[in-house]
*Asks:* 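Just passing along the structure, written as structure tokens.
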Amino acid sequence: MTDDTILPFSFPAVHAKKVTAAFDGGRLTSNGGVMLLAMAERRLGLADNLARVFPDRRDPTRVVHSLVDMFRARMFAICCGYEDADDLDHLRSDPAFKLACGRLPDTGRDLCSQPTLSRLENAPRLRDVIRLTYILVDAWMDSYPREPASVTLDIDDTCDVVHGHQQLSLFNAHYDERCFLPIHVYDTEKSRPVAVVLRPGKTPGGVEVRALLRRLVRHIRTRWHNTRITFRGDGHYARPEAMAWCETNGIDYIFGLSGTKPLARKVDEVADDIRTRRAIENLPVLRGYTETRHKAKSWDRERRTVARIEATMLGLTVRDAIPKARELAAAEFARLRLRLLKIAARVVETTSRIRLAFAAACPEADLICGLPGALLPLGP
């Protein structure tokens, strides 16, 4: 006979008082802020829209967990820092997660398990995945009350390290890791995601970049016929195939270029002036811009090229323009997760109500109190 009960344990005494601890706090959750996510998701209708285009090939007579419930459980878990589906084996009974997914914390059925979720994630085919991606693009477009005059979309890839030999993962020498290299597209004005494409861990080629831009623009044009679209990206996207397609289809672009000796010679006169003025005025840094016409060997034409020139006490560099740093109000999601989602709470279910008891010393208490009202569904 085994007993899995974890025995009480001790910490060093404080002011001669013994400090003991035990895992007997009752129905506590470390994800009390997930209810804010639940309100935001329902306001957007994201899970419902994804489920609408997702193939459900299960036997209806044996279905226990709906697609919408599974989407919500997976999204909420990822947002709270539980990227691995295995985590759902424990989180499926977490009172806050159950409540966020519309189930009673104590008496409601537990959420789906990891095997159920893994079968879900392996169900869609390529066409299904494309339709799911378009749902995310539609959600971004819905955030605008009317067709905007113009939008600027940042496109970039990020290293997603794997721990094994997952399908399509590759070794990337730049990151010195075996990884995926998903492409992200963001709206620079709204700081909102537009599309994300999971792909192998290699630098995207010109044909791939062109295909991505073509599909994205084609879908945007189904609703926004006159919006001026500008893409911004680093040197990975300065491909002749992508630039030629943009020029042919009336799409603006700002792509970074790798520094080369022929390009540096074209801006050397302006660079020397900036270098000299910095030294004469004894400034720590002096920046300037200039433009020229340039044609790389792989290009079929000359293109306008803008150089950012920066002279410092350490020397002079020529760099491409990059997006400006975000202010604190536009904090990265990892910080929002720590401040608003990963907060302790006691979940109490009674006959007539459910109560969330947050810590009295919660540093973001004032902010959290006001968020539910701001996240209420919009009126008809």
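Just so you know, these numbers use all the heavy atoms, side chains as well, and skip hydrogens, waters and symmetry mates.
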*Asks:* Starting at CG of Asp300, measure out to NZ of Lys295 and round the result to the nearest 0.5 Å.
*Replies:* 7.0 Å

*Asks:* Please tell me if the side chains of Arg223 and Val137 come closer than 4.5 Å, counting only heavy atoms from C-beta onward.
*Replies:* no

*Asks:* For a quick test of reading the model, state the closest non-hydrogen atom pair linking Arg72 to Cys101 and the distance between them.
*Replies:* CB-SG, 3.9 Å

*Asks:* Regarding Lys98 and Asp69, does a basic nitrogen lie under 4.0 Å from an acidic carboxylate oxygen?
*Replies:* no

*Asks:* Can you get from Met70 to Phe97 by hopping between Ile, Leu, Val, Met, Phe, Trp and Tyr side chains that sit under 4.5 Å apart?
*Replies:* yes

*Asks:* How far does CG of Leu99 sit from CG of Asn31, to the nearest 0.5 angstrom?
*Replies:* 12.5 Å

*Asks:* Going by the rule side chain to side chain donor-acceptor pair (under 3.5 Å), which residues pair with Thr292 if we only count those two or more places apart in sequence or in a different chain?
*Replies:* none

*Asks:* Would you check if there is a donor-acceptor pair between the side chains of Arg232 and Thr188 at a distance under 3.5 Å?
*Replies:* no

*Asks:* Measure the spacing between CH2 of Trp224 and CD1 of Ile229 and express it to the nearest 0.5 Å.
*Replies:* 8.5 Å

*Asks:* I need the Asn49 CG to Asp138 CG distance, nearest 0.5 Å.
*Replies:* 8.0 Å

*Asks:* Evaluate whether atom CZ of Arg301 has more than 12 neighbouring non-hydrogen atoms of other residues, nucleotides or ligands under 6.0 angstrom away.
*Replies:* yes

*Asks:* Less than 4.0 Å between a side-chain N and a carboxylate O, is that true for Arg52 and Asp48?
*Replies:* no

*Asks:* I'd like to check His294 versus Glu302 (side-chain heavy atoms, cut-off strictly below 4.5 Å). Are they in contact?
*Replies:* no

*Asks:* With a 4.5 Å cut-off on side-chain heavy-atom distances among I, L, V, M, F, W and Y, is there a chain of contacts connecting Leu213 to Trp299?
*Replies:* yes

*Asks:* What's the separation between atom SG in Cys179 and atom CG in Leu168, rounded to the nearest 0.5 Å?
*Replies:* 12.0 Å

*Asks:* Is there side-chain contact between Val270 and Tyr289, with heavy atoms separated by less than 4.5 Å?
*Replies:* no

*Asks:* Side chains of Pro115 and Asp89: closer than 4.5 Å at any heavy-atom pair?
*Replies:* yes

*Asks:* Please confirm whether Phe71 and Phe54 have ring centers closer than 6.0 angstrom.
*Replies:* yes

*Asks:* Below 4.5 Å, heavy atoms only, C-beta onward: do Val53 and Ile135 meet side chain to side chain?
*Replies:* yes

*Asks:* Before accepting this row, confirm whether a basic side-chain N of the pair Arg265/Asp268 lies closer than 4.0 Å to the acidic partner's carboxylate O.
*Replies:* no

*Asks:* So, for Arg239 and Thr203, which heavy atoms are closest and what is the spacing to 0.1 Å?
*Replies:* NH2-CG2, 3.2 Å

*Asks:* Taking Asp128 first and then Arg57, would you say they form a salt bridge - that is, a charged N and a carboxylate O separated by under 4.0 Å?
*Replies:* yes

*Asks:* May I ask you to test the Arg221-Thr227 pair for a side-chain heavy-atom distance under 4.5 Å?
*Replies:* yes

*Asks:* Please check if Leu212 and Val151 belong to a single hydrophobic cluster, counting links between Ile, Leu, Val, Met, Phe, Trp and Tyr side chain heavy atoms closer than 4.5 Å.
*Replies:* yes

*Asks:* Could you measure the distance from the CG atom of Asp272 to the CD1 atom of Ile309? Nearest 0.5 Å is fine.
*Replies:* 10.0 Å

*Asks:* Is it true that His184 and Thr158 share a donor-acceptor pair across their side chains at a distance under 3.5 Å?
*Replies:* yes

*Asks:* In terms of hydrophobic clusters joined by side-chain contacts under 4.5 Å, are Leu153 and Tyr253 together?
*Replies:* yes

*Asks:* The test is side chain to side chain contact (heavy atoms under 4.5 Å, CB included); show your working for Phe231 and Asp154 and say whether it passes.
*Replies:* CA-CA 6 Å; Phe231 284 105; Asp154 275 350; over 6 Å; no

*Asks:* Taking atom CD of Glu121 as the centre, does the number of heavy atoms from other residues, nucleotides or ligands within less than 6.0 Å exceed 12?
*Replies:* yes

*Asks:* Side chains of Glu177 and Asn172, heavy atoms from C-beta outward: is any pair under 4.5 Å?
*Replies:* no

*Asks:* Can you confirm whether Asp176 sits close enough to Phe171 that some side-chain heavy atom of one is under 4.5 Å from a side-chain heavy atom of the other?
*Replies:* yes

*Asks:* Go through the side-chain N and O atoms of Asp187 and Tyr144 and say whether any donor and acceptor fall under 3.5 Å apart.
*Replies:* yes

*Asks:* So if you build clusters from Ile, Leu, Val, Met, Phe, Trp, Tyr with side-chain heavy-atom gaps below 4.5 Å, do Ile183 and Tyr134 land together?
*Replies:* no

